[in-house]
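Labels below follow one simple rule: chain letters A, B, ... track the order of the sequence lines, proteins then strands, and each chain is numbered from 1.
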Amino acid sequence: MAAPVLVTSALPYANGSIHLGHMLEYIQTDILVRFLKMTGQDVVYMCADDTHGTPIEVNAWRAGVTPEEYIAPFYVEHQRDFADFSVAFDCFYTTNSPENQYHSETIFERLREQGHIVTRPVTQYYCEQDARYLPDRFIRGTCPSCKAAEQYGDVCEVCGTTYSPTDLSDAHCVLCGAEPVMRESVHYFFTMSAYEGFLRDWVGTPGRVQPEVRRFLETWINEGLRDWDVSRDGPYFGFKIPGEEDKYFYVWLDAPIGYIATTQKFCADTGRDFDAYWHNPEATIYHVVGKDITYFHALFWPAMLHGAGYTLPKKVLVHGFLTVNGEKMSKTRGTFITARTYLDHLAPQYLRYYYAAKLNGRVDDLDLNLEEFVHRVDAELVNKIANLVSRVVPFVNRHFEGRLGELDASVKPLIDNIRARVPRVRESYERMEFNRAVQEIVAIAEVGNKYFQDAAPWELVKEDPQAAQAVCTFAVNCCRTVAALIKPVLPKYAADVEAILRVEPLLFDDTARFDLEAHEIGAFERLIERVDAKQVSAMVAASKDNLDAIPASPMAQPVEALEPQIDIDAFSRVDLRVATVLQAETVEGADRLLRLNVDIGNEQRTIFAGIRQSYAPDDLVGKQVIVVANLQPRKMRFGVSEGMLLAAGPDGTDVVVAEFAQPRQPGQRIR
RNA sequence: GGCGGUGUAGCUCAGCUGGUUAGAGCAUGCGGCUCAUAUCCGCAGUGUCCGGGGUUCAAGUCCCUGCACCGCCA
């Protein structure tokens, strides 16, 4: 028996809802898995919720629940979202499992036995009030470079400078506002440098990763592999390091091990042999991951597996991010669309088709252009692919009582034409160039449509019913081939066609057969609805409406500590005015700034606002906003800013400007 | 700042190791058909292949350089 194949998608973090960016990965992996299964390979698809780490621990703590209670609803929600998109895992598990603990400890111990785990003291910020060490994201302070206030511990959102938290002036804990102290702690490190030679070989082996990914990894290896800190101090949600009181495995150590633990669970449930996957050099393991986690999957992970004696992946397939209408998904634009919001408005098959039609197997970002989405689904999926079935099946039922005849010898060249395309589809699926596969499949549907058009059975049936029946017989065979070829992308569509044509579940070998003759087919049923652009707008509108309901992005923002009390006089010294935006324009050379010209009653002011990533200039013109009118003018590189706009948001990419629901006269004071 | 990727028709993209006149689909225009619960079939136009240098008999393709956009920096 051939060695088994195991495919994984990256584990979704149990800290938020699945969105269409996640779905890009799960859908493409699911298509690959379904294709491999259709070709008769012994394939399983493994995934799990990624449950550990600081963000979940802190969010649970803030919500007043245990981490276990916090992650539980996401486990249910994620599985429902995937199932509704026909993403069919053979097992979907969780990293917070005994199996995962066992394998995490085993791998750690084996690496330690080989001397590849070392301890070393680390000096870190520590909040005495919260009694915890503070990761970079939990410290804010003033940027050492541009003096912007309230910047994270690792990078300034205003000027883009990267630094360490110790460089900040007035650093403070985002949880309580207290000033952190420095404290030393012993951490465990995985000595990556010991694996340099191994990784160079692994990365350099053709087929392991895409060429552009290989170049990317090689630069890292060439710069020298740094040891990796794999431990965290408590409080932490994760697995305790054996022999330690309050130290835990870093989430990135146990997350990929979730692939192994899930397989263990799957094997226990199904009676399959675990070692055939993870202790078998012949086993084929594929990981599909987003480009942001390439490093973990193509360097740390193979090194860990190699050191601990587990099966190495054959391939790590890296894909890009999803953009919507050419831009990063944005909550204010309504393009941060969750899987559930999509499902509330649109059929999952549309998205599966659209993604497949655009996936090219490379690391490029994929743009979901909503206008194109409507067009492609209607023009290709509905008008070409499904329409062929709709032309021929009712025709056969009406004129021949659902019975097919024999294929006419004259269609031989057409069959050859289609058969020549099938291997190209197969190869495209194998290479994850689903766009080429879809292109060929549409072309085959066109062959069928054109043949049906030219042969005009609706005319032929009047004089030579048998000839007309032969025409239909070929067209039905085309329908079957198309359905079989598109089945990995559209399992539901294929199943519906199987039912209508009364054929057994289609396998890839059925695609080139053309032997459906003297067969009785069933009644036609509507296969797929046209996309209504209104549904798309409704989905976008709902994504805006959902803003409050969505627990802010994967990494929830901690709430800033309150400022010290002030008296009413202190407040009244802040002169807030109603202002109407007269002009808004981008500032050349500044990624984040917009230059605004506003009317504050008696005068006009020029204000620079760091909201470019959230607002297009045209969105602002005519809006009434709140301006701090007596703020000292500030000289900037691009001019003088004569005031400040009130706005709220966690960072520069997701800001909402405060405005009025009813018109106000410019210049009115706000108290 | 360092590194990587991308830049081809209005839009989305093909163009493999350099080799005729740069392609497809969508969109647009024109024509035909009517079996189709979903309209299909044919014909047609369009390009500083991001800019500038270079290598070559030959460059969208290779090299250098500049610009723009995107990403990564553990």
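Not counting sequence neighbours, the partners of Glu446(A) by the side-chain hydrogen bond (donor to acceptor under 3.5 Å, both in side chains) test are Lys384(A). A search for ring pair (Phe, Tyr, Trp, His ring centres under 6.0 Å) contacts involving Phe108(A) returns Tyr188(A), Phe249(A), not counting sequence neighbours. Residues passing the side-chain hydrogen bond (donor to acceptor under 3.5 Å, both in side chains) test with Glu427(A), sequence neighbours excluded: Arg431(A). Remark: Tyr125(A) pairs with no residue by the ring pair (Phe, Tyr, Trp, His ring centres under 6.0 Å) rule, at least two apart or across chains. Scanning for ring pair (Phe, Tyr, Trp, His ring centres under 6.0 Å) contacts around Tyr354(A) gives Phe373(A), with sequence neighbours left out. Applying the ring pair (Phe, Tyr, Trp, His ring centres under 6.0 Å) rule to His375(A) yields no partners; only residues at least two apart in sequence or on another chain are considered. Partners of Glu459(A) according to the side-chain contact (heavy atoms from CB on, under 4.5 Å) rule, which considers only residues two or more places apart in sequence or in another chain, are Ala456(A), Lys462(A).
Classification of Glu430(A) and Arg426(A) as a salt-bridged pair holds, one side-chain N sitting under 4.0 Å from a carboxylate O. Between Glu498(A) and Lys487(A) there is a salt bridge, since a side-chain N of the basic residue sits under 4.0 Å from a carboxylate O of the acidic one.
Across every strand in view, A14(B) sits unpaired, with no contact that passes the Watson-Crick or G-U test at under 3.5 angstrom. Within the shown strands, nothing qualifies as a pairing partner of A36(B) under the Watson-Crick or G-U definition with both distances less than 3.5 Å. Nucleotide A22(B) forms no Watson-Crick or G-U wobble pair with any nucleotide shown, as no partner meets the under 3.5 Å limit on both distances. In this structure C43(B) sits in a base pair with G29(B), meeting the Watson-Crick or G-U test at under 3.5 Å. U55(B) is unpaired under the criterion used here, namely a Watson-Crick or G-U wobble arrangement in which both key atom distances are under 3.5 Å. In this structure C3(B) sits in a base pair with G71(B), meeting the Watson-Crick or G-U test at under 3.5 Å.
Among the atoms of the strands shown, only primed sugar atoms or phosphate atoms (P, OP1, OP2) are found under 4.0 Å from some heavy atom of Asn360(A).
Only at 4.0 angstrom or more do the heavy atoms of residues 250-258 of chain A sit from any atom of RNA chain B, so none qualifies.
Rounded to whole angstrom, the span from the CD atom of Glu380(A) across to the C1' atom of U12(B) amounts to 10 Å. Summarising the geometry, the separation between CD on Glu433(A) and C1' on G15(B) is reported as 13 Å, rounded to the nearest angstrom. Put simply, CD1 on Ile221(A) is 16 Å from P on C73(B), counting in whole angstrom units.
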Can you pull every protein N or O that's under 3.5 Å from an N or O on nucleotides 3-10 of chain B?
from, atom 1, to, atom 2, distance (Å)
G5(B), OP1, Arg215(A), NE, 2.8
G5(B), OP1, Arg215(A), NH2, 3.4

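Taking atom C1' on both A14(B) and C49(B), the two are 13 Å apart, rounded to the nearest angstrom. Look at the P atom in both C43(B) and G5(B): the space between them is 41 Å, to the nearest Å. Spacing of P atoms, C70(B) relative to C13(B), comes out at 16 Å, to the nearest Å. The P atoms of G4(B) and G45(B) are separated by 43 Å, rounded to the nearest whole Å. Comparing the P positions of C16(B) and G54(B) gives a spacing of 25 Å, expressed to the nearest Å.
The list of salt bridge (Lys or Arg N to Asp or Glu O under 4.0 Å) pairs with a residue in residues 467-477 of chain A, not counting sequence neighbours, is empty. Sorted by first and then second residue, the ring pair (Phe, Tyr, Trp, His ring centres under 6.0 Å) pairs involving residues 438-468 of chain A (not counting sequence neighbours) are Tyr451(A)-Phe474(A).
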Using a cut-off of 4.0 Å between protein heavy atoms and nucleotide atoms, how would you tag nucleotides 35-40 of chain B 5' to 3' with B, S and -?
BBBBSB
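Cation-pi contact between Lys291(A) and Phe321(A): present, with separation from the ring centre below 6.0 Å and deviation from the ring axis of at most 45°.
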